[in-house]
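To keep things clear, I will list the structure first and then write my remarks on it.
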Amino acid sequence: MRSVVSSRIRGLSGYTPGEQPPAGARIIKLNTNENPYPASPKVARAVEAAVGRLHLYPEPLSDGVRRRAAALYGVTPENVLVGNGSDEILALCFKACCADGGRIAFSTPTYSLYRTLAEIAGVEVVEASTFDGHVPAALLGATANITFLCTPNSPLGYEIAADEVESVAERAQGLVVVDEAYVDFGGSTALALIAKHANLLVLRTLSKSFSLAGARIGLGFAEPALIGELAKVKDSYNVSRLAQAVGEAALEDPDWMRQNVARVIATRERVASELRAMGFRVPESSANFVWMDCSSLGGRAVYEALRRRGILVRFFDAPGLTDGVRVSIGTDEDMTRFLAAVADVSRSR
Ligand SMILES: *Cc1c(COP(=O)(O)O)cnc(C)c1O
């Protein structure tokens with residue numbers, strides 16, 4: 001039977017999210033960079049209050065979230081766009097900047113959703129690889145509707161230096177997206193640059209440092225003119241009343257987030273040094289995960305051996321990444337069990 005779906009879309013494989021085991025499964029989940037600690041207790045109280053007003057549509061621009069984000073980050077509410085996760089804001093960038101086709105650019109390895117969205121939009125991809133965080137020359141000189149910089153980077157954990165981010169913003173003709181999903185875990189932010197560069201969009205999410213991956217709240221920061229254009233192409237009510245209440249409460253309690261982040265960073269440093277002591281190469285990470293190079297065993301073999309021991313990490317079957325796995329930082333207890341499993345895998349090969 002003839003399909004009703006466009007042939008270009010039928011030819012795509014789509015984004016592959018990390019596996020989500022069913023609730024109650026006895027698995028240590030270190031594969032999607034979630035925060036192992038719960039969100040601020042203020043969030044639960046805010047949800048309860050919002051439930052009573054669910055018969056009403058939410059504020060279209062999430063004004064309460066915008067005001068709190070503006071206060072916390074030292075910008076104006078007009079500088080803030082609130083999305084159904086930062087993934088939605090990434091999709092809005094394609095809608096707004098690639099409406100007539102074109103091309104996008106990014107350095108690899110990076111967050112694979114940029115490519116998936118480019119395929120869906122039917123735009124060309126210019127890519128250049130970097131394994132140390134220096135922006136490749138090919139990227140600096142590229143003409144692209146959108147250039148993506150993910151810093152701290154996933155999956156390798158390095159930062160892109162602030163001055164290199166600024167040179168990209170200065171030279172780019174198109175939109176420059178700085179994806180700072182992990183910045184609270186040790187990166188330096190490009191937020192101060194939005195006042196100087198009208199083509200710069202800084203993306204944050206409450207999914208990682210604020211422990212709210214399930215609530216779907218992302219933030220975009222840019223000059224008001226750019227925020228206004230992106231807001232034109234979003235769904236009118238893109239963030240639910242419940243999510244807005246959650247976001248407002250979390251942004252009012254940044255100390256809770258900072259405490260959890262401090263714990264994750266301390267655990268990350270312990271895990272990195274113990275893995276190095278076992279002979280694995282682990283690059284410095286500014287995020288809530290580490291890259292573990294296990295070239296002698298192979299990334300897939302380590303992923304599978306850990307999985308058999310009830311521990312899920314992320315293996316990427318992608319160029320330059322098959323020699324290692326990405327390990328999200330869980331609680332101290334989780335990571336002690338992870339390290340014991342790695343020692344066991346190394347011994348039994
Ligand atoms: C997790 C992540 C996102 C997505 O964040 P959501 O707000 O949960 O959609 C975006 N970019 C990068 C690099 C991420 O790791």
Side-chain angles (χ1 to χ4, degrees), residues 14-20 29-36 39 43 62 65 69 80-95 104 106-118 120 127 130 133 146-160 165 175-187 189-190 201-221 230 234-235 238-240 242-244 246-247 250-251 257 261 264 268 285-291 313-314 316 318 321 325-329:
Y15 179 71
T16 314
E19 184 179 346
Q20 292 290 349
K29 194 173 174 308
L30 308 176
N31 66 335
T32 51
N33 298 342
E34 287 136 332
N35 199 309
V43 164
S62 306
V65 178
V80 185
L81 180 71
V82 186
N84 181 27
S86 53
D87 285 352
E88 185 202 12
I89 304 182
L90 289 168
L92 296 179
C93 294
F94 282 84
K95 264 187 159 177
I104 64 150
F106 51 73
S107 66
T108 56
T110 194
Y111 186 35
S112 63
L113 184 65
Y114 309 147
R115 182 191 308 279
T116 304
L117 291 172
I120 294 169
E127 58 188 292
T130 174
I146 315 175
T147 303
F148 294 94
L149 299 174
C150 179
T151 177
N153 171 270
S154 176
L156 297 181
Y158 58 69
E159 264 199 88
I160 300 173
V165 172
L175 174 66
V176 175
V177 176
V178 183
D179 188 341
E180 296 188 349
Y182 300 104
V183 76
D184 290 324
F185 298 97
T189 178
L201 176 71
V202 174
L203 278 190
R204 296 285 186 92
T205 175
L206 302 200
S207 295
K208 316 277 165 55
S209 57
F210 283 91
S211 309
L212 288 169
R216 315 303 306 127
I217 305 155
L219 301 171
F221 296 88
L230 292 171
K234 76 173 187 64
D235 285 350
N238 61 327
V239 182
S240 77
L242 292 178
Q244 290 187 30
V246 165
L251 290 166
M257 174 277 281
V261 162
V264 169
R268 176 188 76 205
S285 169
S286 304
N288 65 340
F289 54 82
V290 292
W291 181 257
V313 298
R314 192 78 181 261
F316 297 94
L321 296 178
V325 293
R326 190 191 68 188
V327 182
S328 309
I329 301 299

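Residues: numbered from 1 along the sequence shown. For ligands, and for the atoms within them, numbers begin at 1 and follow the listed sequence.
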Hey, is Arg216 one of the residues with a heavy atom under 4.0 angstrom from ligand 1?
yes
Are any of the heavy atoms in Asp179 under 4.0 Å away from ligand 1?
yes
N/O donor-acceptor pair under 3.5 Å between Arg268 side chain and Phe185 backbone:
yes
Mind checking whether Cys150 has a heavy atom under 4.0 Å from ligand 1?
yes
A student comparing Thr205, Asn84, Leu203 should find that the heavy atom closest to atom 7 (O) of ligand 1 comes from Thr205
Which heavy-atom pair separates Ser154 from Tyr182 by the least distance, and what is that distance?
CB-CE1, 3.9 Å
Ser207: which residues meet the side-chain contact (heavy atoms from CB on, under 4.5 Å) condition with it, sequence neighbours left out?
Thr205, Ala213, Arg216
Using a strict cut-off of 4.0 Å, indicate which atoms of ligand 1 neighbour a heavy atom of Ser207.
6 (P), 7 (O), 8 (O)
Among side-chain atoms of Thr108 and Arg115, is any donor-acceptor pair under 3.5 angstrom?
no
Side-chain donor or acceptor of Asn153 paired with backbone N/O of Pro109 under 3.5 Å:
yes
Test of understanding: given a 4.0 Å heavy-atom threshold, classify the contact between Ser154 and ligand 1 as side chain, backbone, both, or neither.
neither
Examine Tyr114 against ligand 1 and note whether any of their N/O atoms are separated by less than 3.5 Å.
no
Test of understanding: given a 4.0 Å heavy-atom threshold, classify the contact between Lys208 and ligand 1 as side chain, backbone, both, or neither.
side chain
Do you know the tightest heavy-atom contact between Tyr15 and Thr116?
N-CG2, 3.4 Å
If I apply the N/O under 3.5 Å rule, does Tyr182 come out as touching ligand 1?
yes
Looking only at protein heavy atoms, identify the closest one to atom 5 (O) of ligand 1 and say how far it is in Å.
Ser86 OG, 3.0 Å
Establish, yes or no, whether a centroid distance under 6.0 Å links the rings of Tyr111 and Phe106.
no
Once you round to the nearest 0.5 Å, how far does OH of Tyr114 lie from CD1 of Ile146?
11.0 Å
Determine whether the side chain, the backbone, both or neither of Asp87 has a heavy atom under 4.0 Å from any heavy atom of ligand 1.
both
